[in-house]
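First comes the structure, then the notes that go with it.
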Amino acid sequence: MRLEKAFYLGDDVVQIARDLLGKYLYTNFDGSITAGIITETEAYAGITDKASHAYGDRRTLRTEIMYREGGIAYVYLCYGMYSLFNVVTNINGIPHAVLIRGIHPVEGLEKMKERYSQRKQNNYSVDGPGKLSKALGIHYSHSGIDLQGNQIWIEEKGVTVNQENIFVSKRIGVEYAKEDALLPYRFVLGNYEL
DNA sequence: CGGCCGATCCACT
DNA sequence: GTGGATCGGCCGA
């Protein structure tokens, strides 16, 4: 079952980040479907969050995507070579987003491998926001696309997530955000049952 | 227009 | 543990 629009419109981005664990992230690019179970997320809480690109109500061509109604992708280029995939949440005008940091591949493994063909080591792990975007064929040019469409979408497929198996921590790589860097907005899924 | 820097990853010591 | 790759976005002038 594809997640309905309402899932993305909630105003608690931290809870949504937690709820996305165990969901299936699908893509359909260049003729192939690839998918993975979401295992790691981070919440970015808009204009009051110093780690967010929208901190201080910074409206630019790039961040404008996050201000739109929830249920679309926000993808941006990081360190000049990595596309990082986020899910936009909340109503129009509030720039909340959830960064997907890790997945467990479940479908289209050969295609993912192909996208990694230039890598020297045979390591198909997709723990890491840059790596999973590459494996799934997500590019920063895809920023703004609708998650109800046929290119990127998320499904609930009955994975049982026990709250005790969710590890909570501060977010990665946001030291510049000072005190907000310490917020417990990162969620990692340990064991789960299909 | 110039310059700085990043929600990363990999190779190498 | 460390540094290089690599470039769009953002800011200040």
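Chain identifiers are assigned alphabetically (A, B, ...) following the order of the sequence lines, protein sequences preceding nucleic acid strands; residue numbering begins at 1 within each chain.
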With D12(A) via side-chain hydrogen bond (donor to acceptor under 3.5 Å, both in side chains) - residues at least two apart: none

Electrostatic pair R2(A):E155(A) at N-O distance under 4.0 angstrom: no

The criterion is salt bridge (charged side-chain N to carboxylate O under 4.0 Å, His left out); which residues satisfy it with E193(A), sequence neighbours excluded? none

Qualifying residues under ring-ring contact (aromatic ring centres under 6.0 Å, His included), relative to Y24(A), sequence neighbours excluded: none

Only counting residues at least two apart or in another chain, list the ones meeting salt bridge (charged side-chain N to carboxylate O under 4.0 Å, His left out) with E64(A). R68(A)

What contact category does Y140(A) fall into here, base, sugar-phosphate, or nothing, at under 4.0 angstrom with non-hydrogen atoms? sugar-phosphate

Can you list the residues that meet the side-chain hydrogen bond (donor to acceptor under 3.5 Å, both in side chains) rule with E42(A), with sequence neighbours excluded? Y44(A)

For a quick check of understanding: with a heavy-atom distance under 4.0 Å over all strands, which category does L99(A) fall into, base, sugar-phosphate or nothing? base

F29(A) vs H142(A) aromatic rings, parallel, tilted or perpendicular, using cut-offs 30° and 60°? parallel

Could you note down all residue pairs passing side chain to side chain donor-acceptor pair (under 3.5 Å) where residues 158-168 of chain A supplies at least one of them, sequence neighbours left out? R18(A)-Q163(A)

Pairing pattern in dot-bracket form [Watson-Crick, G-U; both distances under 3.5 Å; | = partner strand] for DNA chain B: ||||||.|||||.

Sequence neighbours excluded, the answer for ring-ring contact (aromatic ring centres under 6.0 Å, His included) partners of H104(A) is none

OP1 or OP2 of dC10(B) less than 4.0 angstrom from a side-chain nitrogen or oxygen of K131(A), does that happen here? yes

Detail all sub-3.5 Å separations between protein N/O atoms and N/O atoms belonging to nucleotides 1-6 of chain C.
{"residue": "dT6(C)", "atom": "O2", "partner": "Y79(A)", "partner atom": "O", "Å": "2.7"}

For DNA chain C, which residues in residues 48-68 of chain A have a heavy atom at a distance below 4.0 Å? R58(A), T60(A), R62(A), T63(A)

Besides F167(A), the hydrophobic cluster formed by Ile, Leu, Val, Met, Phe, Trp and Tyr side chains linked at under 4.5 Å, directly or via other members, contains V188(A)

Less than 4.0 angstrom from a charged side-chain N to a carboxylate O is my criterion; do D30(A) and K111(A) meet it? yes

Numerically ordered, the residues 8-27 of chain A set in heavy-atom contact under 4.0 Å with DNA chain C is none

